[in-house]
Protein chains: 2
Amino acid sequence: MSEGRAIPEATVARLAVYLRVLGSLSDGGLSTISSEALANAAGVNSAKLRKDLSYLGSFGTRGVGYVVEVLRERISTCLGVSEHRSVVLVGVGNLGHALAGYGGFRSRGFRIAGLFDADRRRIGEEIAGLCVQAMAELAEVVTQESVSIGVIATPAEAAQEVCDRLVAAGVTSILNFAPAVLVVPDNVDVRKVDLAVELQILSFHEQRKAAGLQVVL
Amino acid sequence: MSEGRAIPEATVARLAVYLRVLGSLSDGGLSTISSEALANAAGVNSAKLRKDLSYLGSFGTRGVGYVVEVLRERISTCLGVSEHRSVVLVGVGNLGHALAGYGGFRSRGFRIAGLFDADRRRIGEEIAGLCVQAMAELAEVVTQESVSIGVIATPAEAAQEVCDRLVAAGVTSILNFAPAVLVVPDNVDVRKVDLAVELQILSFHEQRKAAGLQVVL
DNA sequence: AGCCGCTTGTGAACGTGGGCACAAAGTCGC
DNA sequence: GCGACTTTGTGCCCACGTTCACAAGCGGCT
């Protein structure tokens with residue numbers, strides 16, 4: 001399978017994980033790694049890992065493994081984070097604050113190009129070296145800094161409106177932390193992270209475990 | 001399909017979303033809803049929604065739809081959040097702070113039973129009405145308050161150790177925000193949320209969109 | 001009471017993703 | 001230079017999840 005092949009969504013998510021794991025490994029000075037070793041470190045099956053990598057072309061060496069640096073570069077390029085990508089963050093409440101200060105974005109290929117909030121009292125506040133700006137400035141920043149990704153960390157009520165403004169400004173990918181369903185044009189991608197949903201899924205499994213025990217007792 | 005049937009993971013995730021949507025709808029005074037309407041509000045296909053609900057039994061009325069209150073109760077029970085479930089949160093840094101203050105947990109069926117941090121300087125700090133406690137107290141709180149879910153919001157380096165302590169204390173489900181792969185016994189469930197991975201997935205799609213345009217130009 | 005229209009519940013087809021197992025291909029030692 | 005060993009790349013199969021399409025069932029209207 002060569003470059004042009006469609007890459008499954010599930011594979012993309014794992015590629016990002018491999019990249020992260022490779023980051024810690026290459027700090028350890030390891031120059032080459034086998035699919036087995038990397039798969040263990042990433043918590044997946046080694047066959048799955050090889051199949052995932054095969055979507056990027058075949059550049060491993062049989063009998064040896066993959067050259068860590070080559071692998072990192074290949075995955076970075078594929079994910080489009082070989083150079084820093086700019087994002088804007090809207091909503092600097094509780095969660096937005098934390099996201100703005102999260103070092104992992106920078107180290108994993110992203111640069112926060114602007115912070116925005118609808119609350120006038122928050123404008124001008126400095127967080128992690130950036131000033132919170134008014135929503136009116138959004139479009140300009142997006143254009144100027146060629147931002148393609150927007151992060152929404154507002155309350156649910158505001159999410160759709162913020163989303164519309166991001167899209168209007170030219171953003172084509174959105175990461176939504178607000179517990180709301182967003183409606184967007186076809187060419188815009190949305191990923192949602194709902195913290196309570198994650199907990200509820202765990203809660204479901206707890207429920208099942210408990211039910212299983214009932215039978216035993 | 002009656003109660004006892006195994007429910008697919010994907011369905012569970014959506015049930016949580018349906019529950020959230022129903023929350024806003026029932027505030028609107030609507031007493032009954034069709035699969036079509038709910039599916040639209042939740043952003044899914046109506047056939048999928050009906051199949052999802054069918055795992056919980058069949059309690060819709062043909063020609064009418066589902067009674068909102070019955071639906072909410074059914075889903076709540078299935079997810080194990082019909083009464084509040086206790087969680088502990090470890091790591092009150094940037095992100096942990098935000099999580100501790102997030103109102104969505106309480107309103108969606110969870111109660112934070114304790115905040116913990118390894119940093120001695122943080123102990124005693126009050127966040128959202130709770131005092132940050134030392135890790136030494138973890139086991140006692142987990143037992144006393146019958147906590148089954150632990151949330152890890154520590155740096156990656158500390159995650160595995162914290163995880164081990166949670167498991168040792170009796171926690172059987174873990175929500176991990178640290179960018180690290182956790183190793184746990186078989187009976188423990190782990191869900192991970194990696195913010196940078198989410199962005200990288202979006203970045204990948206941006207990359208593809210850009211590549212597509214190249215061809216056109 | 002009977003018919004009509006609406007909505008549920010589900011069987012069956014389809015597509016995607018995961019896992020196994022093995023052939024191909026390379027390295028290392030002698 | 002050759003053989004044994006290691007590891008990749010992938011064809012095949014299976015299971016899971018999604019979608020379609022429709023029969024069955026219920027309420028309301030006449």
Side-chain angles (χ1 to χ4, degrees), chain A residues 1-18 22 25 30-72 74-75 78 201 204-205 208, chain B residues 1-18 22 25 30-72 74-75 78 201 204-205 208:
Chain A
M1 296 191 186
S2 64
E3 284 262 6
R5 193 67 80 267
I7 303 181
E9 191 72 21
T11 292
V12 175
R14 284 190 299 266
L15 285 175
V17 175
Y18 304 152
L22 285 168
L25 285 177
L30 203 58
S31 72
T32 181
I33 190 168
S34 72
S35 64
E36 188 72 31
L38 182 53
N40 277 344
V44 301
N45 182 305
S46 72
K48 197 189 317 195
L49 180 139
R50 287 198 300 275
K51 187 165 287 191
D52 285 342
L53 294 184
S54 77
Y55 286 107
L56 309 187
S58 63
F59 48 93
T61 309
R62 296 175 192 226
V64 177
Y66 302 89
V67 178
V68 174
E69 275 314 310
V70 173
L71 201 46
R72 288 182 68 178
R74 279 292 207 151
I75 298 178
C78 171
I201 294 171
F204 165 79
H205 290 295
R208 295 227 107 193
Chain B
M1 296 190 186
S2 64
E3 285 261 7
R5 193 67 80 270
I7 303 181
E9 191 72 21
T11 292
V12 175
R14 283 190 299 267
L15 285 176
V17 175
Y18 303 153
L22 285 169
L25 284 178
L30 203 59
S31 72
T32 180
I33 191 168
S34 73
S35 64
E36 189 71 31
L38 182 53
N40 277 344
V44 302
N45 184 303
S46 72
K48 197 188 316 197
L49 181 138
R50 286 199 300 275
K51 185 158 284 193
D52 285 342
L53 294 184
S54 78
Y55 287 106
L56 308 187
S58 63
F59 48 94
T61 308
R62 297 173 192 226
V64 177
Y66 302 89
V67 177
V68 174
E69 275 315 309
V70 172
L71 201 47
R72 288 182 68 178
R74 279 292 206 150
I75 298 179
C78 171
I201 294 171
F204 165 79
H205 290 296
R208 296 226 106 192

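The chains referred to below are lettered A, B, ... by the order of the sequence lines, with proteins before strands, and numbering in each begins at 1. Computed from a prediction, not measured in an experiment: that's the story for all the values here.
Atom-to-atom, CG of Asp52(B) to P of dC16(D) comes out at 16 Å; the value is rounded to the nearest Å. Note: NZ (Lys48(B)) to P (dT16(C)) measures 14 Å, nearest angstrom. Here dG17(D) presents its P atom at 11 Å from CD1 of Ile7(B), a figure rounded to the nearest Å. Atom OH in Tyr66(B) sits about 17 Å away from atom C1' in dG27(D), given to the nearest Å. In this structure, CD of Glu9(B) is placed 12 Å from P of dC16(D), rounded to the nearest angstrom. Between Leu49(A) atom CG and dT10(D) atom P there is a gap of 14 Å when expressed in whole angstrom units. Whole-Å rounding puts the Leu71(A) CG to dT8(D) C1' distance at 13 Å. Going from atom CD of Glu36(B) over to atom P of dC20(D) covers 12 Å, rounded to whole Å.
Taking only side-chain nitrogens and oxygens, Arg14(B) never comes nearer than 4.0 Å to OP1 or OP2 of dG17(D). At the phosphate of dG17(C), neither OP1 nor OP2 sits under 4.0 Å from any side-chain N or O atom of Tyr55(A). Between Ser35(A) and dT8(D) there is a side-chain N or O to OP1 or OP2 distance below 4.0 Å.
Here Tyr55(A) contributes atom OH and Thr11(A) contributes atom OG1; the two are 5.0 Å apart, rounded to the nearest 0.5 Å. How far CG of Leu15(A) is from CD1 of Ile7(A): 6.5 Å, rounded to the nearest 0.5 Å. Taken to the nearest 0.5 Å, the CG atom of Leu25(A) stands 4.5 Å off from the CD1 atom of Ile33(A).
Within the 4.5 Å cutoff, the side chain of Leu49(A) has heavy atoms near those of the Leu53(A) side chain.
At least one donor-acceptor pair under 3.5 Å links the side chain of Thr32(A) to the backbone N or O of Tyr66(A). Proximity of a side-chain donor or acceptor of Ser34(A) to a complementary backbone N or O of Ala37(A) within less than 3.5 Å is detected. Listed for the Arg74(B) side chain is a donor-acceptor partner under 3.5 Å among the backbone atoms of Leu56(B).
For the pair Ser35(A) and Ser46(A), the tightest heavy-atom approach, listed with the atom from each and the gap, is O-CB, 4.0 Å. Taking all atoms of both residues into account, the shortest heavy-atom contact from Arg208(B) to Ala6(A) is NH1-CA, 4.0 Å.
The rotation axes computed at either terminus of the helix from dA1(C)-dT30(D) to dC30(C)-dG1(D) lie 10° apart, taking five pairs at each end and rounding to 10 degrees.
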Checklist entry - Along nucleotides 20-30 of chain C, 5' to 3', which nucleotides get a B, which get an S, and which get a -, given that the test is a protein heavy-atom distance under 4.0 Å? => result BB--BBSS---

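Toward the 5′ end of DNA chain C lies the nearest nucleotide of Ser34(B), the other residue of the pair Thr11(A) and Ser34(B) mapping further downstream.
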